[in-house]
Asker: 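Have a look at this one before I ask anything.
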2 protein chains.
Amino acid sequence: MPGKQAAAAEETANAGRIRRGQLLHIVESAERAFAEAGFAGTTMTRLAEAAGLPKANLHYYFGTKEKLYRAVLENILTLWLDDMAPIVPERAPAEALGAYIRAKMGHSRARPHASKVFASEILHGAPHLRGFLTHELRRRVAEKTRVIEHWIARGRMAKVDPVHLFFAIWAMTQTYADFDVQMRAVLGCAALGTAEYEAGEQTVLRLVLHGCGLTTEDINEGEQGPCRS
Amino acid sequence: MPGKQAAAAEETANAGRIRRGQLLHIVESAERAFAEAGFAGTTMTRLAEAAGLPKANLHYYFGTKEKLYRAVLENILTLWLDDMAPIVPERAPAEALGAYIRAKMGHSRARPHASKVFASEILHGAPHLRGFLTHELRRRVAEKTRVIEHWIARGRMAKVDPVHLFFAIWAMTQTYADFDVQMRAVLGCAALGTAEYEAGEQTVLRLVLHGCGLTTEDINEGEQGPCRS
DNA sequence: GAAGAAATTGACTGTTTGGTCAACTTCTTT
DNA sequence: AAAGAAGTTGACCAAACAGTCAATTTCTTC
């Protein structure tokens, strides 16, 4: 039975329960809608339909279409940076880069809409993400660049431009979410399944690891020098 | 002095001169405008401003915004397929793939707007490009896939999934046009210059060639087997 | 240089857009 | 169970939108 404290805790937990639920629901359905048509191509009416709510209700929670869009974007950004966590100097390069690629490919498959919203935003000049790109992302890339330079200095991987290596990994992994329509058309399949994602992951791993003078076998072996420059 | 034939030739060459000039001018300025904001985000008023012409003039030539957009897209598509020309069985894999990558990187630099319009279209479901993707592009990829499988069968390069190899090359090269804002933010430079494009090209070449069991030196050597599986 | 074809353009229109608001219902608190 | 807070919603609005059109100018052809 709930005593005074439990009741108070229940009340505070309960207060804003509807609000939190609706905010999450609207942001999630909006992510899907924005992914399909971009910011300009998505109408408030369409967003309301996607959420199964009247248009005025969305305005009650978010005020404007732009504020709702920003909420969707912010919900996505944390994902991006967190994927880089495996890249630390203590780990073997092949293992760390392999884990990063797997995480990125996993997100492309699990959250394709998030990737598309992000891609559309960057593609059209990133008017809502300037700060994120020039501060958070830039700092994080600089940090991880030092890890890769450390590996190169120790002769643990070939000399590859770390920043352009990141550009290449981002491009190859995110393309499985962003350009899925093109892939489905070329492969002639209705949807990208496990087989396609595994073949893609193998190809990306191969290109990155061999490009860094490592092999796919290195992933599960701790310490190993590069096979060639 | 122009004789009867020369005059006739001049007349037919002259007829529709203005039309041809305006069509080209409008399509070119529209490519830039659509690249900045996508189809839905670009208004006819904005397209008119970009062309330096009244809105009604654009409608005189293209009828609707959608027809103008299709004209822009069609103007871009030929570029895509033509880049694949170097990939023929007679050439050495490193040389052919190297030439292809250089061509794609060159286009990303020379025609970034074209790349962005194409990317935006694919990203949002390719409603205007279904036919191109499932027919022209698919056929071309199938054709070039056979060339790569031929190289693999002859032991001239490592066993890599040819289709996913193309996905990787497209992603890595086009990202230099599509995601330039992100790159500029991370690199902290106002514009991507020759230095950045060369570093990018080197990285892409390295990843692809080493991933295919070839080396960057192979590019200029005709015949050579793979360095490892 | 006259006559017709092609090109240009300001003014206009019906529709769609993001956003507002006041009336109303449902929840929470005491 | 009363009262206020939080949430819901249909009807509405001004602005922006793609597209039209008739009047006018500029080109081409003979």
Side-chain angles (χ1 to χ4, degrees), chain A residues 2-27 29-30 33-34 36-73 127-128, chain B residues 2-27 29-30 33-34 36-72 124 127-128:
Chain A
K4 203 184 269 179
Q5 280 204 342
E10 196 183 311
E11 275 163 21
T12 45
N14 209 33
R17 174 179 49 88
I18 293 175
R19 185 168 193 86
R20 272 195 305 277
Q22 293 289 58
L23 286 171
L24 188 68
H25 168 67
I26 294 168
V27 165
S29 56
F34 280 129
E36 282 167 13
F39 176 74
T42 310
T43 66
M44 284 301 291
T45 304
R46 175 75 194 86
L47 289 164
E49 276 172 17
L53 294 167
K55 194 161 64 88
N57 198 236
L58 270 63
H59 276 105
Y60 170 73
Y61 281 111
F62 290 94
T64 68
K65 179 183 165 186
E66 190 161 346
K67 283 179 187 167
L68 169 52
Y69 179 69
R70 293 188 101 100
V72 171
L73 272 181
H128 306 90
Chain B
K4 203 185 268 176
Q5 280 202 347
E10 195 183 311
E11 275 164 20
T12 43
N14 209 31
R17 175 179 49 89
I18 293 174
R19 185 171 193 85
R20 274 194 304 276
Q22 293 288 57
L23 286 171
L24 188 68
H25 168 68
I26 295 168
V27 165
S29 57
F34 280 130
E36 282 168 12
F39 175 75
T42 310
T43 67
M44 284 300 291
T45 303
R46 176 75 195 86
L47 289 164
E49 276 172 17
L53 293 168
K55 195 160 65 86
N57 199 238
L58 271 62
H59 276 106
Y60 170 72
Y61 281 110
F62 290 94
T64 67
K65 178 183 165 185
E66 189 160 348
K67 282 178 186 167
L68 170 52
Y69 179 68
R70 294 187 100 99
V72 171
H124 300 132
H128 305 91

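Since this is a predicted model, take the numbers as computed values, not measurements. Chain naming here is simple, since letters A, B, ... match the order of the sequence lines and numbering starts at 1 in each.
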Asker: To the nearest angstrom, how far is A/Y61 atom OH from D/dT9 atom C1'?
Answerer: 13 Å
Asker: Using whole Å, what does the distance between atom P of nucleotide C/dA5 and atom CD1 of B/I18 come to?
Answerer: 16 Å
Asker: Just verifying a value: how many Å separate B/L58 CG and B/Q22 CD, rounded to the nearest 0.5 Å?
Answerer: 9.0 Å
Asker: Which pairs with one or both residues in residues 36-62 of chain A pass ring pair (Phe, Tyr, Trp, His ring centres under 6.0 Å), sequence neighbours excluded?
Answerer: A/F39-A/Y69, A/F39-A/H128
Asker: Quick check for you: to the nearest 0.5 Å, what is the distance between A/T43 atom OG1 and A/K65 atom NZ?
Answerer: 7.0 Å
Asker: Would you mind reading off the distance between B/N57 atom CG and C/dT9 atom P, rounded to a whole angstrom?
Answerer: 6 Å
Asker: Per the end-axis method with five pairs at each terminus, what is the bend angle of the helix from C/dG1-D/dC30 to C/dT30-D/dA1, to 10°?
Answerer: 30°
Asker: Under 4.0 Å: is that the gap between some side-chain N or O of B/Q22 and OP1 or OP2 of C/dA6?
Answerer: no
Asker: Which nucleotides of nucleotides 11-23 of chain C have their base under 4.0 Å from a protein heavy atom (B), which only their sugar-phosphate (S), and which neither (-), written as one string 5' to 3'?
Answerer: ------SBBBB--
Asker: Among D/dT9, D/dC27, C/dT8, which nucleotide sits nearest the side chain of A/L53?
Answerer: D/dT9
Asker: Grab the two heavy atoms, one from B/A51 and one from B/H25, that are nearest each other, plus how far apart they are.
Answerer: O-NE2, 2.7 Å
Asker: Mind listing the closest non-hydrogen atom pair of B/A71 and B/V27 along with its distance?
Answerer: CB-CG2, 4.1 Å
Asker: Just N and O in the side chain of B/R17: are any of them under 4.0 Å from OP1 or OP2 of D/dT28?
Answerer: yes
Asker: From the options C/dT28, C/dA7, D/dT28, select the nucleotide whose nearest atom is closest to the side chain of B/Y60.
Answerer: C/dA7
Asker: So which heavy atom on A/L68 is nearest to which on A/A30, and how close?
Answerer: CD1-CB, 4.1 Å
Asker: Is the shortest side-chain N/O distance from B/R19 to OP1 or OP2 of C/dA7 below 4.0 Å?
Answerer: yes
Asker: Return the value, rounded to whole Å, for the distance between atom CZ of B/R20 and atom P of D/dT28.
Answerer: 11 Å
Asker: Within this structure, what is the NZ-to-P distance between B/K67 and D/dA18, rounded to whole angstrom?
Answerer: 16 Å
Asker: Only counting residues at least two apart or in another chain, list the ones meeting side-chain contact (heavy atoms from CB on, under 4.5 Å) with B/T42.
Answerer: B/A33, B/F34, B/A37, B/R46, B/L47
Asker: Let me know the distance between CD1 of A/I26 and C1' of D/dT8, rounded to the nearest Å.
Answerer: 11 Å
Asker: State which residues pass salt bridge (Lys or Arg N to Asp or Glu O under 4.0 Å) with B/R70; sequence neighbours excluded, sorted by chain then number.
Answerer: B/E66
